[in-house]
Each structure stands twice: as C-alpha cells, then as structure tokens.
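In what follows, a single structure is set out as structure tokens and then discussed.
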There are 2 protein chains.
Amino acid sequence: MIEKQDSNTEEKIILAAEKVFIENGMAGARMQQIADEAGINKALLHYYYRSKEKLFEIVFKTAIKMLVPNLVNAYKSGDGDFFTRLRKFIDSYITIIEKNPHIPAFVIHEVNHRPDQLTNMLAELNVDISFIINDINAAIDAGDMRPINPYDLMINVISLTIFPVVARPMITGIIFKGDKKGYKEFMKHRRNVVADFIINSIRLEKSQQ
Amino acid sequence: MIEKQDSNTEEKIILAAEKVFIENGMAGARMQQIADEAGINKALLHYYYRSKEKLFEIVFKTAIKMLVPNLVNAYKSGDGDFFTRLRKFIDSYITIIEKNPHIPAFVIHEVNHRPDQLTNMLAELNVDISFIINDINAAIDAGDMRPINPYDLMINVISLTIFPVVARPMITGIIFKGDKKGYKEFMKHRRNVVADFIINSIRLEKSQQ
DNA sequence: GTCTATAAGGTGATAGAC
DNA sequence: GTCTATCACCTTATAGAC
C-alpha cells in the first residue's frame, strides 16, 4: 500500500490522465491521448477505471487536494509573528502554484462549467480554515493590524498569489507584448512584491520592525 | 451597416455562439447547441460562418475586447486625483466583470490551452497601457505614492478585481461551504474593500485626505 | 492483464430541395 | 436564406482472443 512500483499500470494511467485532463480539460481530453501518454492501450483505461468520467473525477480531486490542503498547510507550518508567517506562506504558496501552473485554471474552468456538482464536492472537502481566520483576528485584536474582514484578507492574498500565474499568457501577450522573458523576469520579483504590498496595507505602525 | 435588425440571423447566431462558447469553451461547445440557442438550423451556422473554428475566433475576439479595452477606457474616463481615479476605476471594472462573470475564465482557459496562437492574437491587439503606466509614475514622482513598479500595481489591481469573480464557485464551496448567499453578500462589499486595501498599501501620508 | 477489432452513438460539415 | 437528409469521421466503450 505504501510502496510504489514505478511501472505500475494504474499509476501510469493516473499520471497520464492528470497531464491530459489538466492540459485540455474534461471536454478537450481524449482517452486515446491518455493511453498514448501512458504507453498502453485504450481498452486498459476502461479495464482499470471504467469510464472517462470516473477518471476525470479522480484527477479533479487530486487537483483540488493540491490546491487547498497545501494552502492550509503552508499557512500552518510557519512560525514567528503574524507578518513573518504571512510572508513565509506567500512564498511557499507561490512556489507550489508555479510548480503546477495549470492546475488553478483547470479547476476554475471545470468548476465554472458544472458549478453545482463540483461546488458540492468542494464543500464536502470540509476544509478547516478557522485556524487562519482566528489567527488574523488575533493579530487585529493585538493591534498589529488594521481591522479587516479576515475573509477579505484571505481572498486578497490568494488573488494576488494565484491570478498572475493563471493569467500568464494574457499578461505575456497584453502587457509584455508576447515577450516570455519579460514575464519570467517579472514573476521572479513577485514574491516579495506581493508580501510587501499586503503588509504595507494592513500593518499598523505601533511595533515598527 | 449601422442599423441593427433585432431578428437578424447573423446577429442571433453570434449571440447564441457567445453564450455557448463562453459557457462550455471551444472543446465543449456543440454546433447543435448554438443552432438551438439561436432558434435556427445547424446548416445555417455553416452558411454564415463556415466553420466552428471561425465562429470561435469571432467570439474569442469579442471576449477579449470586452475585457481589455474596457479596462483601459474605465481607467481613462475618471478624473480627480490619482486615488480618486483609481477608486473609480476599480468600481467600474468590477461592474463590467460582474456583468460578464464567465468571460475571464473563458479567455483564461482558451488562452492557456493554445498559448502560442492566442498570445499572438493578444499581442496584435497592441493595447496601449502607457497612459496608465505614466500616470502611476507621475503619482510616485509627485510623492503621493510609495515607489512601486507600475506593472506590479496594475497586476495587483487586476488580480484583486477579477480573481474573486473567476473563482466564484471555489470561494462559494470552500470558504462559504456552498452558501451562495454568503458569497453574494461578501462580493457586495468588495468594491470598497479592494480600493481601501490597495490605497492603504500605496498612499504616502504627505497629503492626508 | 493486455491486446485487436468493432460496436454504438455523436459531431462538424456539405448537398440539394424549396 | 432556410430547411432536411446524409456523409465521413471521431470518440467512448465493450467483446473476445491471447
């Protein structure tokens, strides 16, 4: 159960499915392409996972788990004062997103397409963000941060972190006129820029660093 | 050329195509569905627009034009000092995005799927953002704003504006546990929250309002 | 478990009547 | 211009040999 055979067929299929689904979405993905990617026959996909729909569900859940629990864990793992932890979180989460840059767009697209089905799946994950909310409220109560709705702060942080990665081709096209290197250079500096931008907005001067 | 007959077939097709493509993406859209939506026959789609691909291109360009020039115009139309105009811009742009909430996700999905083809299309639009960049630099030079890379500020504003709309079902599912009303209430307050968040981050105290 | 062959239904596109 | 009928191809899924 714990050991992983690398040329295990089930595993190969899942890896191939992740690649193909995340690149093309459910509607654009082809079972043949997944089979080719896995180096096996199309019939084997159905032997192991019965239908395209079942395979998609597995990939979708994996994608969600890469986004959400990582977010919570990246936050919880930090130590130091609130702003130190926030800065650490932003850095960790940008790293995670940049390693899997297509996952947010994939999830957004699928979940917009069948919101009722997938929104329920998300709700059932029952992600516990109370730790983050309480932490924000504590920093406000301690007078370190100006009052702000914790949900707003959370969503601002996530927006500033994920959106520029999701919108990479648009930013490259519109702002950098197609220059991919320009975008890349730009993103290198974002980690600190995002953290500074947020902290400048919310920190109260009481205990200047 | 200027007059518009409302039950003009060409127009009906385009409106139907916009709805179907933006909802389902290129790969998920069906010509039959577009025909049904337009209340006409499938063959007529090909009579007027030859292929699915041609129809998609038209819809995609319309979508881009709804996002980008609106952004520039919303910015240019404001008056008053920099922060007044910024606040006005954020309000206008959120209004535009909320009226067409599926367009950003549609564009992001398609452009991620065939980045080379569509990134070039974006670059060819040759959107002129120099006005915005210069305006930001002027505010920094005047000492009203702390120094920040104008591109960073632009992308931060756009991220905070668009992302929460694009990620509506995710936010509803994960943060509001499926409660759609919770999301809606939340978004009502975002306009001022976003503007305050940004302005708190960048404004220098020199000329307190 | 893995393959080939094929079924069953869908999809974009066209031909041709009106 | 608009329709029905149909083609040619593609896609998921299964049957059955090995």
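Chain naming here is simple, since letters A, B, ... match the order of the sequence lines and numbering starts at 1 in each. As a basis for the values below, the full set of heavy atoms in this structure was taken, side chains included, without hydrogen atoms, waters or symmetry mates.
One end of the helix from C:dG1-D:dC18 to C:dC18-D:dG1 points its axis 10° away from the other end's axis, with each axis taken from 5 pairs and the angle rounded to 10°.
For A:I13 and D:dT12, the CD1 to P distance is 15 Å, given to the nearest whole Å. D:dT4 atom P lies 10 Å from atom CD of B:Q32, rounded to whole Å. A straight line from CG of B:L55 to P of C:dA13 spans 10 Å, rounded to a whole angstrom. Atoms CZ (B:R50) and P (C:dA15) sit 13 Å apart, rounded to a whole Å. One atom, CZ of A:R30, and another, C1' of C:dT11, lie 10 Å apart when rounded to the nearest Å. Between the P atom of D:dA13 and the NZ atom of A:K54 lies a distance of 11 Å, rounded to the nearest Å. Put simply, CD1 on A:I34 is 10 Å from P on D:dA13, counting in whole angstrom units.
Ion pairing between A:E98 and A:R190 fails under the 4.0 Å rule for side-chain N and carboxylate O. With salt bridges taken as basic N to acidic carboxylate O contacts below 4.0 Å, one links A:K180 and B:D116. Using a 4.0 Å cut-off between charged nitrogen and carboxylate oxygen, B:D36 and B:K42 do not count as a salt-bridge pair. In summary, A:E185 and A:K188 engage in a salt bridge, as defined by a charged side-chain N under 4.0 Å from a carboxylate O.
For A:K88, there are no side-chain hydrogen bond (donor to acceptor under 3.5 Å, both in side chains) partners at least two apart in sequence or on another chain.
The aromatic rings of B:F89 and B:Y93 lie parallel to each other, their planes meeting at an angle below 30°, with 60° marking the opposite boundary. Classified by interplanar angle (parallel below 30°, tilted 30° to 60°, perpendicular above 60°), the ring pair B:F21/B:F56 is perpendicular.
Under 4.0 angstrom from either OP1 or OP2 of C:dA13 there lies at least one side-chain N or O belonging to B:H46.
Within the nucleic acid shown, A:A29 comes within 4.0 Å of sugar-phosphate atoms alone, with no base atom in reach, counting heavy atoms only.
A distance of 10.0 Å separates NE2 in B:H113 from NE2 in A:H109, rounded to the nearest 0.5 Å.
B:E18 pairs with exactly one of B:I58, B:I13, B:V59 by the side-chain contact (heavy atoms from CB on, under 4.5 Å) rule, that one being B:V59.
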Pairwise N/O distances under 3.5 Å, protein to nucleotides 1-4 of chain C:
unit_1, atom_1, unit_2, atom_2, d
C:dT2, OP1, A:T9, OG1, 3.2
C:dT2, OP2, A:T9, OG1, 3.3
C:dT2, OP2, A:Y48, OH, 2.8
C:dC3, OP2, A:N41, N, 3.0
C:dT4, OP2, A:N41, ND2, 2.9

